Enquirer: 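Submitted below is the structure of interest, expressed as structure tokens.
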Amino acid sequence: PRHGRPRHRRVMAPTTCPSCGSPRVRRRYRLRRFDVFACAGCTMRFRYPLPSAAELRTMYEDPRYHESAYFDEPEARSPELRIFRRGLADLATLVSPGRLLDVGCARGSFMALAREGGWQAEGVELSTRHAAQARARGFPVWEGDFAAAPFAAGTFQAITMWDFLEHVNEPRLVLATARRLLAPDGVLLIFTIDSTSLFNQIGDALFRLSGERAVRPLELLYDARHNYYFTPSALGRLLDDAGFRAERWRADRAYLGRWVSEPAPWYLFAGGFLVDLASLLVGRPYRRTVYCRPRETGVPEG
């Protein structure tokens, strides 16, 4: 049934956490397209099985992905534009404008704002279509896997990852690459979803109380294009292991426009607004931004 308990799928359970290597992993949710596992060692949540590199590229070349409302150019008063502007203001308090690399730059909306703010903005993008659109706006964009990007070490004053890190197969490799490319006094900005949010807590409660039948709310929260669902603890541990020092955390509300493009039932969307308003009040925001600097000592080779 469309909104009932997912049909049984024969999926082998992972033996270790792909983030920290701990064997203490358990299935948290059985969804229709994949399972969500949680690690008791580092608190990371992740989809299983993870997509292959070929599946990732196919996913991000899908016309339906490009036409999503998520990639519409932000309007002047949109929440996304406000968050971008605040991110640039925060960066300006931490580092002087110079070379900025936007990883997962899509059509270049953030790079356009960064350029207005005096940054020399460049991008990395896996999608051929999005990379071409960003280049048409005058930005140099490396198309392909970030870890293979041909940039010299230590050359960027800022690296930004807006809704990017949760999409990759190897977040440790991504962070090691960022650590290598950042200047010694540079700043890494990561913007991602917090899987301990009020939204997630309510989705979990509905799932349990319904006898594991209410899967649709969870499928909005555990997006099929996301491979990892970070807790603040799991993300903090990854950053520390990669040689970063987190200097500032910020809380942000959800982007409910993405749910409309799925589409989602009207009652989930309407209820989402109420939960979104309450999430910051109770300290369980849907999204977080963290600003990090490379540690001066004890930095692993990347």
Side-chain angles (χ1 to χ4, degrees), residues 1-19 25-40 43-71 126-127 163-171 192-231 234 254-273 275-276 286-287:
R2 179 173 174 78
H3 296 295
R5 186 193 298 270
R7 294 179 179 177
H8 179 69
R9 291 176 288 101
R10 296 179 62 85
V11 177
M12 295 292 291
T15 57
T16 59
C17 171
S19 177
V25 294
R26 65 177 179 84
R27 181 182 286 107
R28 190 175 181 92
Y29 308 116
R30 187 187 294 277
L31 305 182
R32 283 188 290 266
R33 297 174 60 182
F34 57 88
D35 293 349
V36 176
F37 282 79
C39 174
T43 74
M44 181 70 80
R45 300 175 190 181
F46 57 96
R47 65 167 287 178
Y48 190 83
L50 290 170
S52 67
E55 288 171 331
L56 281 177
R57 178 163 284 281
T58 298
M59 188 184 302
Y60 296 120
E61 296 299 346
D62 186 340
R64 292 172 297 178
Y65 172 71
H66 294 279
E67 295 163 5
S68 166
Y70 179 82
F71 293 110
L126 184 63
S127 163
D163 286 324
F164 173 78
L165 195 60
E166 63 270 25
H167 290 263
V168 306
N169 273 355
E170 298 181 84
T192 191
I193 293 170
D194 182 346
S195 68
T196 66
S197 74
L198 182 60
F199 276 101
N200 291 75
Q201 291 178 319
I202 292 175
D204 182 83
L206 291 173
F207 180 72
R208 307 298 175 190
L209 291 173
S210 68
E212 301 188 355
R213 292 181 181 277
V215 297
R216 184 53 177 151
L218 291 176
E219 289 177 334
L220 291 171
L221 295 167
Y222 293 89
D223 192 300
R225 295 187 182 91
H226 295 175
N227 297 332
Y228 293 90
Y229 313 100
F230 298 103
T231 67
Y255 175 46
L256 298 177
R258 182 181 65 80
W259 291 3
V260 175
S261 68
E262 286 298 326
W266 70 266
Y267 54 85
L268 287 181
F269 187 65
F273 274 109
V275 176
D276 196 26
Y286 185 65
R287 302 188 294 186

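Keep in mind that the numbers below use all heavy atoms, side chains included, and drop hydrogens, waters and symmetry copies. Everything numeric here is computed off the predicted structure, so don't read it as measured data.
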Enquirer: Starting from the C-alpha separation in whole Å, work towards a yes-or-no answer on side chain to side chain contact (heavy atoms under 4.5 Å, CB included) for V215 and R30.
Expert: CA-CA 8 Å; V215 297; R30 187 187 294 277; over 6 Å; no
Enquirer: If you define the side chain from C-beta out and look only at heavy atoms, does anything of P14 sit under 4.5 Å from F37?
Expert: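 The answer is yes, as the side chains (C-beta and beyond) meet within the 4.5 Å cut-off.
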Enquirer: Answer yes or no: is there a side-chain heavy-atom contact under 4.5 Å between F230 and I193?
Expert: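 In short, these two side chains do not touch, never coming nearer than 4.5 Å.
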Enquirer: Listed by chain and number, what are the side-chain hydrogen bond (donor to acceptor under 3.5 Å, both in side chains) partners of T192, not counting sequence neighbours?
Expert: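 Once residues adjacent in sequence are excluded, the partners of T192 under the side-chain hydrogen bond (donor to acceptor under 3.5 Å, both in side chains) criterion are E166.
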Enquirer: Please report the closest heavy-atom contact between R45 and A38, naming both atoms and the distance.
Expert: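 Looking at all heavy atoms of both residues, the closest pair is CG-CB, 4.2 Å.
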Enquirer: Would you call L31 and V36 a side-chain contact if the rule is heavy atoms closer than 4.5 Å?
Expert: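 L31 vs V36: side chains touch.
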Enquirer: Please enumerate all residues that pass side chain to side chain contact (heavy atoms under 4.5 Å, CB included) together with Q201, with sequence neighbours excluded.
Expert: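 With neighbours one apart ignored, the set is L198, R284.
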Enquirer: To the nearest 0.5 Å, what is the distance between CG on L209 and CG on L206?
Expert: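 Here the interatomic distance stands at 7.0 Å.
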Enquirer: Would you say that Y229 contacts D194 through its side chain, given a criterion of any heavy-atom pair below 4.5 Å between the two side chains?
Expert: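 Contact flag for Y229/D194 side chains = no.
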Enquirer: Determine the minimum heavy-atom distance between R47 and H226, stating which atoms define it.
Expert: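 In this case the closest contact between R47 and H226 is CD-O, 3.2 Å.
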Enquirer: Would a 4.5 Å heavy-atom cut-off, applied to side chains only, mark N169 and N227 as touching?
Expert: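 Yes, at least one pair of side-chain atoms sits under 4.5 Å.
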Enquirer: So, for G203 and L221, which heavy atoms are closest and what is the spacing to 0.1 Å?
Expert: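 The answer is CA-CD1, 4.3 Å.
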Enquirer: With distance as the sole test, does D35 use its side chain to make a donor-acceptor pair with the main-chain N or O of Y48 at under 3.5 Å?
Expert: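 It does not hold such a pair.
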Enquirer: Any idea which heavy atoms bring F207 and A214 closest together, and the distance?
Expert: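 Scanning both residues, the minimum pair turns out to be CD1-O, 3.8 Å.
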Enquirer: side-chain hydrogen bond (donor to acceptor under 3.5 Å, both in side chains) with S19: which residues, sequence neighbours excluded?
Expert: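 For S19 there are no side-chain hydrogen bond (donor to acceptor under 3.5 Å, both in side chains) partners, ignoring immediate neighbours.
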Enquirer: Start with the C-alpha distance between V275 and Y286, add both sets of side-chain angles, then the distance that settles side chain to side chain contact (heavy atoms under 4.5 Å, CB included), and finish with yes or no.
Expert: CA-CA 10 Å; V275 176; Y286 185 65; over 6 Å; no
Enquirer: Sequence neighbours left out, what passes side chain to side chain contact (heavy atoms under 4.5 Å, CB included) with R208? Give chain and number order.
Expert: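 Residues passing side chain to side chain contact (heavy atoms under 4.5 Å, CB included) with R208: R28, Y29, D204, E212.
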Enquirer: Report yes or no: do N200 and S197 form a side-chain donor-acceptor pair below 3.5 Å?
Expert: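 Their side chains do contain a donor-acceptor pair, which is all the 3.5 Å distance test asks for.
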Enquirer: Shortest non-hydrogen contact from C17 to M44?
Expert: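 So the minimum-distance heavy-atom pair works out to SG-CB, 4.4 Å.
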Enquirer: So, taking the atom named CG in D163 and the one named CG in D223, what distance separates them when rounded to the nearest 0.5 Å?
Expert: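 D163 atom CG to D223 atom CG measures 10.0 Å (nearest 0.5 Å).
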Enquirer: So how far is it from E219 CD to R32 CZ, rounded to the nearest 0.5 Å?
Expert: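 So the gap between those two atoms works out to 4.0 Å.
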Enquirer: By ring-ring contact (aromatic ring centres under 6.0 Å, His included), which residues pair with Y228, not counting sequence neighbours?
Expert: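 Once residues adjacent in sequence are excluded, Y228 has no partner under the ring-ring contact (aromatic ring centres under 6.0 Å, His included) criterion.
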Enquirer: Drop me the distance from L50's CG to E170's CD, to the nearest 0.5 angstrom.
Expert: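 Rounded to the nearest 0.5 Å, the CG-CD separation comes to 9.5 Å.
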Enquirer: Kindly write out the residues that satisfy side chain to side chain contact (heavy atoms under 4.5 Å, CB included) with S52, not counting sequence neighbours, or none if the list is empty.
Expert: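 Listed in chain order: A54, E55.
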